[in-house]
Amino acid sequence: MDPKIAAEVERQLAELDRSAVDFYGRDELAGRLADALTAGRPLRVKLGMDPSAPDLHIGHTVVLHKLKIFQDLGHMPIFLVGDFTAAIGDPSGRSKTRPPLAREQIESNARTYVDQVAKILDVDRAEVRFNSEWMNAFAPADFVRLCAHGTVARLLERDDFAKRYAEGTPVFVHEFLYPFVQAYDSVALEADVELGGTDQTFNMLMGRDLQRDYGQHAQAVITHPLLVGTDGSEKMSKSLGNYVGIAEPAEEIFGKVMSVSDVALLDYVDYLGNGDWDDLLAARTAVAAGEGDAMGLKKEIARRLVARYHGRDAGSEALDRFERVVQGGEVPDDVPEHQLALEGQNGRSLLEILEQIGFVGSRGEARRMAKQGALSVDGERVEDPTRALAAGTWLIRLGKRRFARVTLRD
RNA sequence: GGAGAGGUACCGAAGCGGUCAAACGGGGCAGACUGUAAAUCUGCUGGCUAUUGCCUUCGGAGGUUCGAAUCCUCCCCUCUCCA
């Protein structure tokens with residue numbers, strides 16, 4: 001082999017190893033990479049995602065950045081939106097059946113995905129595909145033939161199914177279909193590589209088997225660590241609601257990162273830097289040893305993440321806002337304004353106002369909050385929520401984070 | 001198709017005729033504390049209401065009873081074993 005090609009293969013593989021947990025078929029891929037480089041052909045690299053929630057979160061970015069690395073190396077990223085599979089519901093890592101999504105929901109999620117991916121990947125130089133493209137053309141007989149490529153025993157070996165079966169939680173037959181479809185996607189796309197989280201290992205390996213059955217090369221599979229969510233224990237996931245969405249407003253991202261527990265923070269340094277955060281390693285080591293400035297490190301990570309998705313200035317602004325509002329207890333300068341009509345001579349009760357501006361879901365909740373000392377008007381704690389406000393403008397605060405400026409007039 | 005077990009609030013799970021708006025745990029929210037929206041501690045966690053009580057909840061529909069989440073009937077759903 002041409003030594004220049006060999007060196008390039010080594011260089012690229014080293015890049016690809018970054019932040020990977022497992023790399024199945026690495027040696028095989030080395031050969032194919034050499035061929036591809038010689039022929040000037042890019043590798044086809046698949047990353048699939050279910051449009052099961054409108055937001056992509058920072059956990060996804062670990063693997064999205066890997067896709068970006070492939071792109072930068074001159075290969076072809078394929079971002080596959082699993083619109084067909086979303087209608088099945090990925091059982092991976094789940095302790096219950098995932099509810100299937102409505103068609104419209106899937107479509108609107110899919111659209112926002114592409115926009116969000118564009119923050120990381122150059123989507124103009126990528127293939128964006130939907131698996132309904134080929135799956136909708138599947139005849140029942142095709143499906144049956146597809147399913148003949150796997151055995152029940154293998155499916156039952158899967159940790160999540162095995163657990164559920166043992167616990168007596170229902171496992172529906174359609175959930176078995178998911179890995180088959182995901183595997184077939186690799187066949188349809190003729191993928192050379194598939195990327196995913198470690199929870200996707202089974203599905204992706206099944207793609208290797210299936211591709212061989214269909215007379216193709218088996219794709220290489222690179223798995224990546226799963227980021228823990230803001231709760232610090234469960235993996236970050238859309239359905240658990242412990243995620244930091246990359247399309248969320250700057251202050252939300254900042255706040256959510258700040259609420260991550262100190263221990264989980266270490267993973268964030270390790271997995272989210274994409275090689276650019278080496279300057280944080282010293283701080284990371286110190287915090288890991290229990291003597292560093294965890295808070296400072298967390299602020300810095302929060303700032304960088306906001307900057308990554310909203311621009312450099314937004315990062316500093318979010319940091320500044322956090323220090324003033326959350327730490328300093330100041331009133332933020334972007335308090336939402338509400339205009340309410342004054343009814344009668346007595347003004348309107350706080351109960352009513354809180355409900356109207358959507359701070360509480362019920363009046364009972366407003367009463368409870370007030371009793372707990374969470375309600376204040378113009379900086380003064382109010383424990384009686386039935387108190388009425390007269391005409392004028394009032395600053396209402398509920399809890400630490402909810403502010404509103406309410407103007408009452410005729 | 002046969003035989004058992006079970007469906008309770010956001011989730012898990014007690015309760016098995018009145019004292020049940022329903023124990024307990026998780027989650028969420030709030031307060032205190034703190035370098036933090038971490039940790040920890042405390043409280044709250046169906047709706048309406050002058051905190052006085054009223055209204056709606058325990059898979060669904062009926063029924064028994066002064067009174068049902070608790071008993072009966074039918075239906076729907078899940079799990080296990082057998083076929």
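Lettering of chains follows the sequences in order, A, B, ..., and the numbering in each one begins at 1.
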Q | Closest-nucleotide ordering on RNA chain B, the 5'-leading residue of Ala374(A) and Val263(A) | A | Ala374(A)
Q: Take the protein atom CD of Gln327(A) and the nucleotide atom P of C33(B), then report the distance between them rounded to whole Å.
A: 16 Å
Q. From the list A38(B), G31(B), C29(B), which nucleotide is the closest neighbour of the side chain of Lys400(A)?
A. G31(B)
Q | Interatomic distance where CD belongs to Glu234(A) and C1' belongs to G26(B) [whole Å] | A | 11 Å
Q.
Can you tell me the base-pairing partner of C44(B)? Count Watson-Crick or G-U wobble geometry only, both distances below 3.5 Å, and say none if there is no partner.
A. G28(B)
Q: Name the nucleic acid region contacted by Phe322(A), choosing base, sugar-phosphate or nothing; use a 4.0 angstrom heavy-atom cut-off, strictly under.
A: base
Report, one pair per line, the protein and nucleotides 46-53 of chain B atoms (nitrogen or oxygen only) whose separation is under 3.5 Å.
residue: G47(B); atom: OP1; partner: Ser362(A); partner atom: OG; Å: 2.7
residue: G47(B); atom: OP2; partner: Arg368(A); partner atom: NH2; Å: 2.7
residue: C48(B); atom: OP1; partner: Arg363(A); partner atom: N; Å: 2.9
residue: C48(B); atom: OP2; partner: Arg363(A); partner atom: N; Å: 3.2
residue: C48(B); atom: OP2; partner: Gly364(A); partner atom: N; Å: 2.8
residue: U49(B); atom: OP1; partner: Arg363(A); partner atom: NH1; Å: 3.2
residue: U49(B); atom: OP2; partner: Arg367(A); partner atom: NH2; Å: 3.3
residue: A50(B); atom: OP2; partner: Arg367(A); partner atom: NH2; Å: 3.3

**Q.** Sequence-distant partners of Asp22(A), salt bridge (Lys or Arg N to Asp or Glu O under 4.0 Å), two or more places apart
**A.** none
Q.
Distance check needed: U36(B) P versus Lys298(A) NZ, whole Å only.
A. 11 Å
Q) Under 3.5 Å, is there a donor-acceptor pair linking the side chains of Glu28(A) and His217(A)? A) no
Q) Which value, in whole Å, describes the distance between the P atoms of nucleotides C11(B) and G63(B)? A) 29 Å
Q) Who are the salt bridge (Lys or Arg N to Asp or Glu O under 4.0 Å) partners of Asp231(A), not counting sequence neighbours? A) none
Q) Which residues satisfy the salt bridge (Lys or Arg N to Asp or Glu O under 4.0 Å) test with Arg387(A), sequence neighbours excluded? A) none
Q.
Taking only the P atom of each, what is the distance from U42(B) to C33(B) in whole angstrom?
A. 16 Å
Q: Go ahead and name the base partner of G1(B); Watson-Crick or wobble counts if both distances stay under 3.5 Å, otherwise write none.
A: C82(B)
Q) How far, in whole Å, is A83(B) from C72(B) if one measures between their P atoms? A) 31 Å
Q.
Between G62(B) and G17(B), how far apart are the two P atoms, rounded to whole Å?
A. 25 Å
Q. Given the C1' atoms of C79(B) and C10(B), what is the spacing between them in whole Å?
A. 24 Å
Q) Ser186(A) and side chain to side chain donor-acceptor pair (under 3.5 Å): which partner among Gln211(A), Lys46(A), Arg44(A)? A) Lys46(A)
(Q) By the 4.0 Å heavy-atom rule, please label Phe359(A) as base, sugar-phosphate, or nothing. (A) nothing
Q: Check the distance between G28(B)'s C1' and Lys256(A)'s NZ and give it to me in whole angstrom.
A: 14 Å
Q: Using the P atom on both, measure C77(B) against G60(B) and round to a whole Å.
A: 15 Å
Q: Choose from U80(B), U36(B), A30(B) the nucleotide whose nearest atom is closest to any side-chain atom of Tyr165(A).
A: U80(B)
Q: Tell me whether the guanidinium CZ or amine NZ of Arg164(A) lies under 6.0 angstrom from the six-membered ring centre of Phe161(A) and within 45° of its axis.
A: no
Q.
Quick check for you: among G35(B), A30(B), U78(B), whose closest atom lies nearest to any side-chain atom of Ala294(A)?
A. G35(B)
**Q.** Side-chain H-bond candidate by donor/acceptor type, Asp50(A) with Tyr113(A), under 3.5 Å
**A.** no
Q) Under a 3.5 Å cut-off for both distances, is A50(B) Watson-Crick or wobble paired, and to whom? A) none
Q: Among the candidates G43(B), U36(B), A37(B), find the nucleotide nearest to the side-chain atoms of Met295(A).
A: U36(B)
Q. Watson-Crick or G-U wobble partner for C20(B), using a 3.5 Å limit on both distances?
A. none
Q.
Checking side-chain polar atoms at under 3.5 Å, does Gln372(A) have a donor or acceptor matched by the opposite partner on Glu383(A)?
A. no
Q | P-based separation of C41(B) from C76(B) [nearest Å] | A | 49 Å
**Q.** Pairing residues for Glu330(A) by the salt bridge (Lys or Arg N to Asp or Glu O under 4.0 Å) criterion, not counting sequence neighbours
**A.** Arg324(A)
Q | Sub-6.0 Å ring centroid separation between Phe130(A) and Phe84(A) | A | no
Q: Grab the CD-P distance between Glu251(A) and U36(B) for me, whole Å please.
A: 19 Å
(Q) For the residue pair Lys298(A) and Tyr268(A), would you count it as a cation-pi contact if the rule is NZ or CZ under 6.0 angstrom from the ring centre and within 45 degrees of the ring axis? (A) no
Q.
Under a plain distance cut-off of 3.5 Å, with no hydrogens placed, do Trp134(A) and Asp185(A) share a side-chain donor-acceptor pair?
A. yes
Q) Rounded to the Å, how far apart are Asp231(A) CG and C11(B) C1'? A) 14 Å
Q.
Let's test this: given Watson-Crick or G-U wobble pairing with both distances under 3.5 Å, identify the partner of C74(B).
A. G60(B)
Which pairs, protein N/O on one side and nucleotides 2-5 of chain B N/O on the other, fall under 3.5 Å?
none

Q) Among A38(B), A30(B), G31(B), which is the nearest nucleotide to the side chain of Asp262(A)? A) A38(B)
Q) Rounding to the closest angstrom, what is the interatomic distance between G18(B) and A68(B) at atom P? A) 11 Å
(Q) If I take atom CE in residue Met369(A) and atom C1' in nucleotide C29(B), what distance separates them, rounded to the nearest angstrom? (A) 6 Å
**Q.** Any strand: nucleotide that pairs with C33(B) via Watson-Crick or wobble, under 3.5 Å
**A.** none
**Q.** Met258(A) CE - A39(B) P separation (whole Å)
**A.** 13 Å
